[in-house]
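I have placed the structure first, in the form of structure tokens, so that the comments after it can refer back to it.
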2 protein chains.
Amino acid sequence: MQKNVNLRMTRQRQVILEELCKVDTHPSADEVYEMVRKRLPRISLGTVYRNLEILSASGKIQRLELGCNLKRFDGIAENHYHIRCPKCDRVVDVPPDLNVVVNHDLKNAAAFKILGHKLEFIGICPNCQT
Amino acid sequence: MQKNVNLRMTRQRQVILEELCKVDTHPSADEVYEMVRKRLPRISLGTVYRNLEILSASGKIQRLELGCNLKRFDGIAENHYHIRCPKCDRVVDVPPDLNVVVNHDLKNAAAFKILGHKLEFIGICPNCQT
DNA sequence: TTTGCTGCAAATCCTTTGCAGAGGT
DNA sequence: ACCTCTGCAAAGGATTTGCAGCAAA
């Protein structure tokens with residue numbers, strides 16, 4: 001990925017941004033591709049990927065990546081929280097004695113039937129702080 | 001994936017479970033493969049994937065997948081929370097007027113320098129409730 | 001003996017990348 | 001004109017799957 005020194009607002013980038021702001025469906029890259037293709041039939045999927053990356057790096061859109069790329073597995077079956085270090089991607093458990101309170105008032109308002117929540121803290125681990 | 005009607009405790013499954021419970025590093029499937037291979041040199045990566053799936057489906061281990069498989073993009077750049085429906089994988093925003101309180105007391109205790117958190121609610125969407 | 005499980009390899013899915021030409025600024 | 005961006009296609013990495021033989025129960 002190139003450094004965003006001199007960003008150009010190309011037609012493709014413009015349309016991707018417009019289409020993304022039109023919807024609230026949190027589309028995947030492929031879904032964005034399908035949306036944009038209606039206006040720019042010759043756009044390539046690679047371009048969509050590159051632009052989504054650039055747009056989120058420059059803060060114009062948000063990239064939802066709750067968690068890391070790899071699925072990870074935990075020998076502890078009980079639900080608990082994690083802290084992930086964005087530098088080394090290490091994941092550690094949140095000490096269980098710590099009281100993390102998530103207010104579930106939202107349960108009453110959303111049309112969703114809330115089953116639970118996933119909470120992940122992002123933090124620089126001791127190793128990476130130096 | 002077969003339905004878990006009659007699970008057998010094979011040597012491979014046993015060793016995967018044992019190795020996973022030994023560590024607290026939240027390994028990826030490939031890392032589990034490397035761990036297990038020391039004891040079962042002929043095990044295949046496919047078997048590791050299948051067993052991690054089966055073990056987490058049967059509740060013996062936990063699968064960390066904060067979020068969905070696909071990266072998703074959001075036209076709203078500001079940070080906000082999401083609800084995801086596990087049935088249809090739809091993601092919607094948490095209405096911003098709802099007060100979600102995450103207690104950050106944990107900041108003082110962990111050796112991590114906490115930068116923030118990611119919170120995702122899991123819930124059945126109106127469509128999937130029928 | 002039944003049938004779930006394994007190793008293997010090929011397939012699949014999503015994403016990234018190299019390249020030569022096109023197009024913003 | 002400069003240099004970023006594009007389309008294309010191939011490569012890449014993680015995960016899944018088909019199959020024939022193996023092994024728990």
Side-chain angles (χ1 to χ4, degrees), chain A residues 1-20 25-58 60-61 63-74 89 91, chain B residues 1-20 25-58 60-61 63-74 89 91:
Chain A
M1 166 77 47
Q2 74 220 329
K3 288 214 50 170
N4 300 340
V5 266
N6 262 324
L7 284 189
R8 288 175 183 170
M9 186 48 71
T10 59
R11 180 110 185 87
Q12 289 87 339
R13 188 164 297 161
Q14 180 78 48
V15 171
I16 288 170
L17 187 54
E18 285 175 13
E19 291 300 311
L20 195 50
T25 52
H26 308 80
S28 65
D30 201 69
E31 287 164 347
V32 172
Y33 175 55
E34 289 305 329
M35 289 156 53
V36 168
R37 218 135 74 103
K38 290 177 186 143
R39 290 174 58 187
L40 303 175
R42 294 192 49 73
I43 197 172
S44 76
L45 183 56
T47 296
V48 171
Y49 272 103
R50 276 183 289 229
N51 275 310
L52 288 173
E53 213 50 53
I54 290 171
L55 286 170
S56 62
S58 64
K60 292 207 172 56
I61 65 173
R63 177 176 170 161
L64 308 186
E65 40 154 353
L66 298 124
C68 43
N69 298 334
L70 296 175
K71 285 171 196 142
R72 290 179 168 278
F73 296 87
D74 193 329
D89 218 41
V91 177
Chain B
M1 165 74 50
Q2 73 221 329
K3 288 214 53 170
N4 300 340
V5 265
N6 262 326
L7 286 188
R8 288 175 184 172
M9 186 46 73
T10 60
R11 180 111 186 86
Q12 289 87 337
R13 188 165 296 162
Q14 181 76 48
V15 171
I16 288 170
L17 186 54
E18 285 174 14
E19 292 300 312
L20 195 51
T25 53
H26 308 80
S28 64
D30 200 69
E31 286 164 350
V32 172
Y33 175 57
E34 288 306 330
M35 288 157 54
V36 169
R37 217 135 74 103
K38 290 177 186 143
R39 291 173 59 187
L40 302 175
R42 295 192 47 77
I43 198 172
S44 77
L45 183 55
T47 296
V48 172
Y49 272 104
R50 276 183 288 229
N51 275 311
L52 288 174
E53 213 51 52
I54 290 171
L55 287 169
S56 62
S58 65
K60 292 208 172 55
I61 65 172
R63 176 176 171 162
L64 308 185
E65 40 153 354
L66 299 125
C68 42
N69 298 334
L70 297 174
K71 286 171 193 140
R72 291 182 166 275
F73 296 86
D74 193 330
D89 218 41
V91 177

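Here is the naming used below: chain letters follow the sequence lines, and residue numbers restart at 1 for every chain.
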- Note on the structure: Value for CG (B/L52) from CZ (B/R13), rounded to nearest 0.5 Å, stands at 10.5 Å
- If you look at every heavy atom in B/L7 and B/S58, which pair is closest and at what distance? CD1-CB, 4.1 Å
- Item | Given D/dT6, C/dT25, C/dG7, the nucleotide with the shortest approach to the side chain of A/T47 | D/dT6
- Might you confirm whether atom CZ of B/R11 has over 12 heavy atoms from other residues, nucleotides or ligands at distances under 6.0 Å? no
- Query: Looking for any heavy atom pair under 4.0 Å, which part of the strands does B/I43 touch: base, sugar-phosphate only, or nothing?
  - Reply: sugar-phosphate
- A/L7 CG to D/dT6 P: how many Å, rounded? 10 Å
- Note on the structure: Taken to the nearest whole Å, CD/A/E53 to P/D/dT6 is 14 Å
- Task: Please identify each residue that fulfils salt bridge (Lys or Arg N to Asp or Glu O under 4.0 Å) with B/R37, with sequence neighbours left out.
- Result: B/E34
- Between D/dA24 and B/Q12, is there an OP1 or OP2 to side-chain N/O distance shorter than 4.0 Å? no
- Any chance you could measure B/T47, atom OG1, to B/R42, atom CZ, to the nearest 0.5 Å? 11.0 Å
- Just how far, in rounded Å, is C1' of C/dT16 from CD1 of A/I54? 13 Å
- Can you figure out which of D/dT15, C/dC14, D/dA25 approaches the side chain of B/Y49 most closely? D/dT15
- Task: Grab the CG-C1' distance between B/L55 and C/dT6 for me, whole Å please.
- Result: 15 Å
- Charged N-O contact under 4.0 Å between A/K38 and A/E19: no
- Query: How long is the span from the CG atom in B/L20 to the CD1 atom in B/I61, to the nearest 0.5 Å?
  - Reply: 5.0 Å
- Spacing of A/R11 atom CZ relative to C/dT25 atom P, expressed in whole Å: 13 Å
- Item | B/I16 and B/I43: CA distance, side-chain angles, deciding distance, side-chain contact (heavy atoms from CB on, under 4.5 Å) verdict | CA-CA 10 Å; B/I16 288 170; B/I43 198 172; 4.2 Å; yes
- Query: Side chain of B/R13: nearest nucleotide among D/dT16, C/dC5, C/dG7?
  - Reply: C/dC5
- Task: In whole angstrom, give the distance that lies between atom CG of B/L45 and atom P of C/dA11.
- Result: 18 Å
- Nearest 0.5 Å please: distance from the CE atom of B/M9 over to the NZ atom of B/K60. 5.5 Å
Pairs: protein N or O with nucleotides 19-21 of chain C N or O, under 3.5 Å:
none

- Task: Would you indicate, yes or no, if D/dA14 has its OP1 or OP2 atom less than 4.0 angstrom from a side-chain nitrogen or oxygen of B/S28?
- Result: no
- What nucleic acid atoms does B/N51 come within less than 4.0 Å of, heavy atoms only: base, sugar-phosphate, or nothing? sugar-phosphate
- Note on the structure: Atom CZ of A/R39 and atom C1' of D/dT6 are separated, to the nearest Å, by 17 Å
- Has A/T10 got a side-chain N or O lying under 4.0 Å from the OP1 or OP2 atom of D/dT6? yes
- Side-chain donor or acceptor of A/R8 under 3.5 Å from a matching atom on the base of C/dT25? no
- Item | Inter-end axis angle, the helix from C/dT1-D/dA25 to C/dT25-D/dA1, with every axis fitted to five base pairs (rounded, 10 degrees) | 40°
- Task: Determine whether any donor atom in the side chain of A/R42 lies under 3.5 Å from an acceptor atom in the base of D/dG7, or the reverse, and answer yes or no.
- Result: no
- Task: Compare every heavy atom of A/P27 with every heavy atom of A/E31, then report the nearest pair and how far apart it is.
- Result: OE1-CA, 3.0 Å
- To the nearest Å, how far apart are A/R37 CZ and D/dG7 P? 11 Å
